[in-house]
2 protein chains.
Amino acid sequence: MARLIAERHDVVPALGEVFRRFGFEGASIARITAHTKLGKGSLYHFFPGGKDEMAEAVLGHIRDWFETEVFIPLMQEPPAQAIESMFASVEQYFHSGRRICLVGAFAMDETRDRFSKAVGGYFQRWIDALGSALSRAGMTEIEAENVATEVVGGIQGAIVLARALDDDQRFTVIIKGLAQRCRMD
Amino acid sequence: MARLIAERHDVVPALGEVFRRFGFEGASIARITAHTKLGKGSLYHFFPGGKDEMAEAVLGHIRDWFETEVFIPLMQEPPAQAIESMFASVEQYFHSGRRICLVGAFAMDETRDRFSKAVGGYFQRWIDALGSALSRAGMTEIEAENVATEVVGGIQGAIVLARALDDDQRFTVIIKGLAQRCRMD
DNA sequence: GTCTATAGAGTGATAGAC
DNA sequence: GTCTATCACTCTATAGAC
């Protein structure tokens, strides 16, 4: 009976979707078992720390994805093309605003305090990486940091608006504006 | 003992704070009674529709505040000064990013679907009002709408970042940049 | 037998509604 | 306060892999 399906990392994306849909508080174990098709036994076998450990695993998984797909390219590749590539990744990853940023969502209520290190680290790393690219592209340090902050924040805002208005065009329009801002104005 | 304190509208701000802190799912009736110092009896007397009606009341209260303090001035007063005044109100209302936007938070998970009308209406009204002011200030229709969308979204993003990084300076810096954008560039 | 993965009944606590 | 449903979580039982 055992050994058939899962390893721990196989269920992490499914876990992420549940947390995204319902939030941390709204993601009950019942909902999680329904979505992951894993019994409580398996779930607590993989994540002895319960929901907190599940959320931690999801945040780590998100961080890893951004690290390889976005942050490292921003730090190491030619800046103009890495920035363009970042916006393409963002458009795709967030499904034009139909998929939320779990890290941003966790930041909104007291869930933040449970995962403050992962939440803060994710955004700081993003701002630093983008700031590095903008700086290499010719901006002053201070300008690069300000624009990076505005852009990373702007992406979060675009997600909020797209979902609130149920209109992905808003997301795409805002992202285009932010991309323009990175080309200097 | 009864009759002493409350009317329904007196408890709405306290309700708002509970929803802000814990989110809709995390705001349990126990937490609500603790914060409002109202028994369950009074609570269900004022809000027979339960938690949904409580949240609806909070959203209506928020909408009313923005309507008088922000949206109507944007539509009717001299645009440059109404826009400056909007940014001042925003800085104050959101406590430099330490207080979240409940409407934006509700937009993030499936809570949105319960309150989609209030959530969508709030942001659309804000964008329309700001767009009107920007247009009167000299922007083309299309430019005004784009900038209004970026600014309203940018404010939401600023809240997310300020909380995620636990740093209100980020909020203030972003707001300053958005205000600059409204003066044309 | 020992190990890991699994299923799910059962725990007390707490949920929202009234 | 009282109701039922559901919460997060524990535990026992058992499957197959070695």
Side-chain angles (χ1 to χ4, degrees), chain A residues 1-61 102 105-106 109-115 118, chain B residues 1-8 11-12 14-60 102 105-106 109-115 118:
Chain A
M1 169 136 280
R3 187 75 317 172
L4 282 185
I5 327 168
E7 294 198 38
R8 185 183 136 125
H9 72 259
D10 292 326
V11 305
V12 172
L15 276 176
E17 292 310 313
V18 183
F19 284 123
R20 258 181 258 271
R21 281 188 58 187
F22 304 105
F24 182 78
E25 295 280 355
S28 69
I29 297 295
R31 277 168 169 165
I32 290 171
T33 56
H35 267 79
T36 57
K37 288 156 201 304
L38 244 55
K40 292 182 207 171
S42 310
L43 219 42
Y44 279 91
H45 172 71
F46 290 133
F47 307 97
K51 261 176 76 170
D52 277 46
E53 192 176 338
M54 297 176 209
E56 212 80 70
V58 171
L59 291 172
H61 185 257
L102 188 63
F106 277 9
D109 58 30
E110 292 214 340
T111 308
R112 178 194 59 169
D113 305 331
R114 295 186 181 213
F115 307 106
Chain B
M1 176 101 283
R3 191 72 322 171
L4 282 183
I5 329 165
E7 294 197 40
R8 184 183 136 125
V11 306
V12 173
L15 276 176
E17 292 311 312
V18 184
F19 284 124
R20 258 181 258 271
R21 280 189 59 187
F22 304 104
F24 182 77
E25 296 279 356
S28 68
I29 298 294
R31 277 167 170 165
I32 291 171
T33 56
H35 267 80
T36 58
K37 290 160 201 306
L38 243 54
K40 294 184 200 174
S42 311
L43 215 44
Y44 278 90
H45 173 70
F46 290 136
F47 307 97
K51 258 175 80 170
D52 277 46
E53 192 176 340
M54 297 176 209
E56 211 81 71
V58 171
L59 291 171
L102 188 62
F106 277 9
D109 58 30
E110 291 214 340
T111 309
R112 177 194 61 169
D113 305 330
R114 296 186 180 213
F115 306 107

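Values reported hereafter were calculated over all heavy atoms of this structure, with side chains retained and with hydrogens, waters and symmetry mates removed. Letters A, B, ... are given to chains in the order of the sequence lines, protein chains preceding strands, and every chain is numbered from 1.
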Could you write out each protein N or O paired with an N or O of nucleotides 16-18 of chain C at a distance under 3.5 Å?
unit_1	atom_1	unit_2	atom_2	d
C:dG16	OP1	B:Ala27	O	3.4
C:dG16	OP1	B:Lys51	NZ	3.0
C:dG16	OP2	B:Ile29	N	2.4
C:dA17	OP2	B:Tyr44	OH	2.8
C:dA17	OP2	B:Lys51	N	3.3
C:dA17	N6	B:Lys40	NZ	3.2

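- Between the CZ atom of A:Phe22 and the C1' atom of D:dA8 there is a distance of 17 Å, given to the nearest Å.
- Partners of B:Arg21 under the side chain to side chain donor-acceptor pair (under 3.5 Å) rule, at least two apart in sequence or in another chain, are A:Glu110, B:His35.
- The side-chain heavy atoms of A:Phe24 and B:Glu25, taken from C-beta on, include no pair separated by under 4.5 Å.
- A straight line from CG of A:Asp10 to C1' of C:dT4 spans 15 Å, rounded to a whole angstrom.
- With contacts defined as side-chain heavy-atom distances shorter than 4.5 Å, the pair B:Phe47/B:Asp52 does not qualify.
- Protein atom CG of B:Leu43 is 16 Å distant from nucleotide atom P of D:dG1, rounded to whole Å.
- Residues A:Arg20 and B:Asp109 are not in side-chain contact: their nearest non-hydrogen atoms beyond the backbone lie 4.5 Å or more apart.
- Between A:Phe19 and A:Met54, some side-chain heavy-atom pair lies under the 4.5 Å cut-off.
- Note on the helix from C:dG1-D:dC18 to C:dC18-D:dG1: angle between the axes of the first and last five pairs equals 10°, rounded to 10 degrees.
- Between the side chain of B:Ser42 and the main chain of B:Leu38, no donor-acceptor pair closer than 3.5 Å is present.
- Considering CG of B:Leu43 and CG of B:Leu15, their distance stands at 6.5 Å, rounded to 0.5 Å.
- A salt bridge links B:Arg8 to B:Glu53: at least one charged side-chain nitrogen sits closer than 4.0 Å to a carboxylate oxygen.
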